[in-house]
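So the structure is just underneath, and the comments pick up after that.
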Amino acid sequence: MKKAYAANLVLLLFASISGTAAAQASVDWQAIEKIAPNQRIRVETDKPTTCYFERADESWLICFLPRAAPGIDRTKAPSIEFPRAAVKSVQLDREDDSAGFRSFIMAAGAGGGWDSSRSPTAFAGVKIGGQITLNLQYDRMQGHSGFTTEGAGVLPLFRVPAFARYASPETKENPKERFLRLYAEPGVGYRAGGGKFGGYTSAGMLFLLFPDDRQQPYVEVHRRFPFSDPLQGDTRISVGVMISVCGQCGFD
């Protein structure tokens with residue numbers, strides 16, 4: 001009986017040691033040591049902890065608690081130390097810089113389309129604004145030149161692929177992943193010039209490619225509905241480049 005108990009105890013101890021060794025082997029400690037200071041991370045031990053990375057050596061991982069955010073005097077900020085043996089995983093706690101409204105953007109684009117009689121149209125213009133943009137365009141419809149002034153919302157819908165908040169330390173702090181974000185663009189405007197059009201409402205979809213840069217190419221699909229006859233509008237497709245002068249500016 002005693003021999004069986006001793007054997008079970010040895011097996012349990014061996015399993016515990018093996019499990020700890022396997023957990024440590026799965027953690028790339030060299031990658032953890034290279035994490036940029038002040039990077040927000042999620043440390044998994046017996047429970048998850050979110051903090052700001054300070055440093056890591058061969059035995060310890062040291063970080064500051066969330067209230068010790070960048071810009072605060074770190075000499076007075078509370079810190080926490082994790083022994084290497086207790087760390088099961090470390091992930092970068094990333095923020096979705098593309099989320100929320102665009103706060104201040106400028107864009108230029110051009111394209112074409114067709115009106116209600118299937119006649120081709122062409123146009124070029126600029127956008128300036130953020131959550132609401134002012135769109136100024138020159139166009140040609142049925143052989144007539146016109147100028148359009150439009151105000152439109154830029155409402156974020158979703159992105160493809162979906163944002164992954166946590167990333168392994170092997171991932172760069174700001175990986176330049178490419179993804180599409182879709183925005184809805186309800187608007188109202190007025191077209192002055194040759195031909196019958198005048199005031200109108202509009203609906204659009206903006207597909208914006210984010211390579212994590214200030215300059216972002218886009219594709220826009222836009223439909224206008226004249227007040228005088230909503231069925232006599234036009235559909236247009238444009239391509240252009242948007243510059244994020246200030247991508248978020250506090251709008252999340």
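Only heavy atoms go into these numbers, but all of them, side chains included; no hydrogens, no water, no symmetry mates. Bear in mind that the values here come from a model prediction, so they are computed numbers and not experimental data.
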Gap between atom [atom2] of [Y] and atom [atom1] of [X] - 0.5 Å precision:
X: Cys63; Y: Asn38; atom1: SG; atom2: CG; result: 11.5 Å
X: Leu231; Y: Ser116; atom1: CG; atom2: OG; result: 8.5 Å
X: Gln216; Y: Leu180; atom1: CD; atom2: CG; result: 11.5 Å
X: Arg55; Y: Ile32; atom1: CZ; atom2: CD1; result: 15.0 Å
X: Met242; Y: Phe210; atom1: CE; atom2: CZ; result: 8.0 Å
X: Phe207; Y: Leu182; atom1: CZ; atom2: CG; result: 5.0 Å

Output all residues satisfying side chain to side chain donor-acceptor pair (under 3.5 Å) with [X], sequence neighbours left out; order by chain, then residue number.
X: Ser89; result: none
X: Arg236; result: Gln137, His222
X: Ser117; result: Asp115, Ser119, Gln142
X: Thr148; result: Arg224

Who pairs with [X] by side-chain contact (heavy atoms from CB on, under 4.5 Å), at least two apart in sequence or on another chain?
X: Arg42; answer: Glu44, Pro48, Gln91, Tyr166
X: Phe225; answer: Thr201, Ala203, Arg223, Pro230
X: Thr50; answer: Arg40, Asp93
X: Thr149; answer: Leu134, Leu136, Phe147

- request: Give every residue pair that meets the salt bridge (Lys or Arg N to Asp or Glu O under 4.0 Å) criterion with at least one member in residues 122-131, sequence neighbours excluded.
  value: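 Non-adjacent pairs meeting salt bridge (Lys or Arg N to Asp or Glu O under 4.0 Å): Lys127-Glu185, Lys127-Glu220.
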
- prompt: Which ILVMFWY residues are connected to Phe123, directly or by a chain of links, through side-chain heavy atoms under 4.5 Å apart?
  reply: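 None, because no other hydrophobic side chain comes under 4.5 Å of this residue.
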
field: disulfide (SG to SG under 2.5 Å) partners of residues 108-151, not counting sequence neighbours, each pair once
entry: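 Listed by first then second residue: nothing to list.
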
task: Please examine the side chains of Glu150 and Thr133, heavy atoms only from C-beta on, and report whether any two atoms are closer than 4.5 Å.
output: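 No. Closest side-chain heavy atoms not under 4.5 Å.
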
query: Any sub-3.5 Å donor-acceptor pair from Trp29's side-chain atoms to Ala56's backbone N or O?
result: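 No; judged by distance alone, with no hydrogens or angles, the pair does not exist.
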
- request: Just grab all the ring-ring contact (aromatic ring centres under 6.0 Å, His included) pairs involving residues 181-202, residues at least two apart or on different chains.
  value: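 Checked against ring-ring contact (aromatic ring centres under 6.0 Å, His included) - neighbours excluded - the pairs reaching residues 181-202 are Phe197-Tyr200.
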
- request: Indicate if Phe82 and Phe53 have the same hydrophobic cluster label, given that clusters are the connected sets of ILVMFWY residues with side-chain heavy-atom separations under 4.5 angstrom.
  value: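 The answer is yes; both residues are in one hydrophobic cluster.
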
